[in-house]
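The structure under discussion appears below in the form of structure tokens.
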Amino acid sequence: MITEIVGYLACVCMIFGYLPQAVYTIRTNDTDSIAMPTFLLMGLGGLFFVIQGILLGNWPLLITNVVTSSCSALITVMKIRNDWRKRHDARHDPRPSRRAP
């Protein structure tokens, strides 16, 4: 019983610790400061925890990592899209590039 309580408390803490940053990133669409390798590894780790939660029947582990992995996947897609747009816009910008004197 105490193990489940601790698990659910960890679930709540992890989700409410992660969610504000995810919501901010989704609202502002600001992905410039996100390190892609870090986010990919976090998402992959979360996916493995989802699988482990399913295999163990551990609901707190499963719930936590479904939420955080979903947010991570969404932000990763946003990051890829934003980086692609910046590269595309830079190549097609008719203005000459400015260089520092």
Which atom pair, heavy atoms only, marks the closest approach of K79 to T31? NZ-O, 3.0 Å
Test log, rule side chain to side chain donor-acceptor pair (under 3.5 Å), inputs N82 and R87: CA-CA 9 Å; N82 289 348; R87 284 192 307 273; over 6 Å; no
Under 4.5 Å between side-chain heavy atoms, hopping through other hydrophobics if needed: is there a path connecting V67 to L61? no
Determine which pairs satisfy side chain to side chain donor-acceptor pair (under 3.5 Å) with at least one residue from residues 49-61, sequence neighbours left out, and list them in order. none
Grouping I, L, V, M, F, W and Y whenever their side-chain heavy atoms are under 4.5 Å apart, do I54 and Y8 come out in a common cluster? yes
Determine whether L44 and F49 fall in the same hydrophobic cluster, where Ile, Leu, Val, Met, Phe, Trp and Tyr are linked whenever their side-chain heavy atoms lie under 4.5 Å apart. no
Per the side chain to side chain donor-acceptor pair (under 3.5 Å) rule, what does the pair list look like for residues 60-77, sequence neighbours excluded? none
Shortest non-hydrogen contact from N29 to M78? OD1-CE, 3.1 Å
Pairs of donor and acceptor atoms involving the side chains of residues 14-25, under 3.5 Å and at least two apart or interchain, shall be tabulated with distances.
from: Q21; atom 1: NE2; to: T25; atom 2: OG1; distance (Å): 3.3
from: T25; atom 1: OG1; to: Q21; atom 2: O; distance (Å): 2.9

Is the H88 ring parallel, tilted or perpendicular to the H92 ring (thresholds 30°, 60°)? tilted
Test side-chain contact (heavy atoms from CB on, under 4.5 Å) applied to I5 - qualifying residues, sequence neighbours left out: M1, L9
Apply side-chain contact (heavy atoms from CB on, under 4.5 Å) to T38 and list each qualifying residue two or more places apart in sequence or on a separate chain. A35, M42
In terms of heavy-atom contacts, does CZ of F48 have more than 12 from other residues, nucleotides or ligands at under 6.0 Å? no
Residues in side-chain contact (heavy atoms from CB on, under 4.5 Å) contact with L55, at least two apart in sequence or another chain: I51
